[in-house]
Amino acid sequence: MITIKIGNAQRDYKDFNKDWLAQQIHRRRLDNQEFSVEILIHKDSINLLFSTPGPTTTRAKPGYLNPEEKKLSELWQKLDLNNKNFDISRLIDFLNAIGNLA
């Protein structure tokens with residue numbers, strides 16, 4: 001299962017679409033709201049939380065990353081999603097890349 005959370009808005013990956021994602025982020029940026037985008041992945045051996053910088057309501061447990069988790073973490077870093085001013089298209093690229101896990 002993959003869940004996408006932006007502020008108080010939340011969607012399962014199966015209900016995700018690019019327009020919803022862009023609208024949620026643009027609206028918050030235009031309103032100068034502090035927010036983060038959280039991607040929770042719970043599938044087989046993968047149990048991860050990714051979060052862009054900003055206030056978050058979900059807490060991740062630190063720990064060892066298995067090879068599958070490490071690959072996803074490296075992709076998150078490569079796409080520069082730890083940047084407060086992350087590029088929405090890169091976030092969409094990440095979500096497209098993990099789509100086979102949904």
Side-chain angles (χ1 to χ4, degrees):
M1 181 175 86
I2 300 173
T3 305
I4 303 162
K5 187 174 180 185
I6 305 170
N8 61 354
Q10 182 172 313
R11 292 251 171 119
D12 287 336
Y13 184 87
K14 64 182 179 191
D15 300 323
F16 147 77
N17 67 61
K18 296 174 191 177
D19 293 334
W20 173 81
L21 183 78
Q23 177 189 22
Q24 293 293 319
I25 294 169
H26 284 304
R27 184 180 54 134
R28 285 170 172 76
R29 285 180 172 171
L30 285 174
D31 292 344
N32 292 318
Q33 290 182 16
E34 289 290 323
F35 71 96
S36 65
V37 177
E38 299 175 15
I39 313 293
L40 293 94
I41 305 171
H42 299 289
K43 175 78 174 185
D44 300 326
S45 65
I46 300 173
N47 187 17
L48 289 173
L49 165 67
F50 292 97
S51 180
T52 61
T56 182
T57 58
T58 310
R59 298 289 175 233
K61 295 179 182 176
Y64 170 79
L65 297 178
N66 67 42
E68 293 174 272
E69 292 171 332
K70 186 173 181 181
K71 183 177 176 182
L72 293 174
S73 182
E74 288 170 351
L75 177 60
W76 182 267
Q77 296 292 328
K78 178 181 177 184
L79 293 172
D80 197 28
L81 294 171
N82 281 335
N83 181 337
K84 183 177 180 177
N85 298 311
F86 64 91
D87 185 321
I88 296 171
S89 65
R90 289 182 176 206
L91 181 59
I92 291 169
D93 289 345
F94 181 80
L95 290 167
N96 288 334
I98 65 171
N100 64 331
L101 301 173

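FYI, the numbering just counts along the sequence from 1.
In this structure, CG on Leu40 lies 7.5 Å from CD on Gln10, to the nearest 0.5 angstrom. In this structure, Leu65 CG and Leu48 CG are separated by 6.0 Å, a value rounded to the nearest 0.5 Å. Atom CD1 of Ile4 and atom CG of Leu95 lie 4.5 Å apart (nearest 0.5 Å).
Remark: Asn96 engages Tyr13, Lys18, Ile92 in a side-chain contact (heavy atoms from CB on, under 4.5 Å) (not counting sequence neighbours). Scored by the side-chain contact (heavy atoms from CB on, under 4.5 Å) test, Gln77 finds Asn82 as partners (sequence neighbours excluded). Asn85 is linked by a side-chain contact (heavy atoms from CB on, under 4.5 Å) to Asn83, counting only residues two or more places apart in sequence or in another chain.
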Where do Ile41 and Phe50 land on the side chain to side chain contact (heavy atoms under 4.5 Å, CB included) test, with the steps shown first? CA-CA 8 Å; Ile41 305 171; Phe50 292 97; 3.9 Å; yes
Between Arg27 and Gln23, does the side-chain hydrogen bond (donor to acceptor under 3.5 Å, both in side chains) criterion hold? Intermediate values first, please. CA-CA 6 Å; Arg27 184 180 54 134; Gln23 177 189 22; over 6 Å; no
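With contacts defined as side-chain heavy-atom distances shorter than 4.5 Å, the pair Leu81/Ile39 does not qualify. A 4.5 Å side-chain heavy-atom check between Ile2 and Phe16 finds every atom pair outside the cut-off. For the pair Ile98 and Phe94, the minimum side-chain heavy-atom distance is below 4.5 Å. Contact check for Ile88 versus His26: side-chain heavy atoms found under the 4.5 Å cut-off. Counting heavy atoms from C-beta on, the side chains of Glu69 and Tyr64 never come closer than 4.5 Å. Asn17 has its side chain within reach of Arg11: a pair of non-hydrogen atoms, C-beta onward, lies under 4.5 Å apart. Side-chain contact between Val37 and Ile25: present, with at least one pair of heavy atoms (C-beta onward) separated by less than 4.5 Å. Residues Trp76 and Thr52 form a side-chain contact, since some pair of their non-hydrogen atoms from C-beta on lies under 4.5 Å apart.
In this structure a side-chain-to-backbone donor-acceptor pair under 3.5 Å is missing from Asp12 to Lys14. Judged by distance alone, the side chain of Asn66 and the main-chain N or O of Ser45 form a donor-acceptor pair under 3.5 Å.
Of all heavy-atom pairs between Glu38 and Ser51, the closest is CG-OG, 3.8 Å. Heavy atoms only, all atoms of each residue included: Pro53 and Lys84 are closest at CG-N, 3.6 Å.
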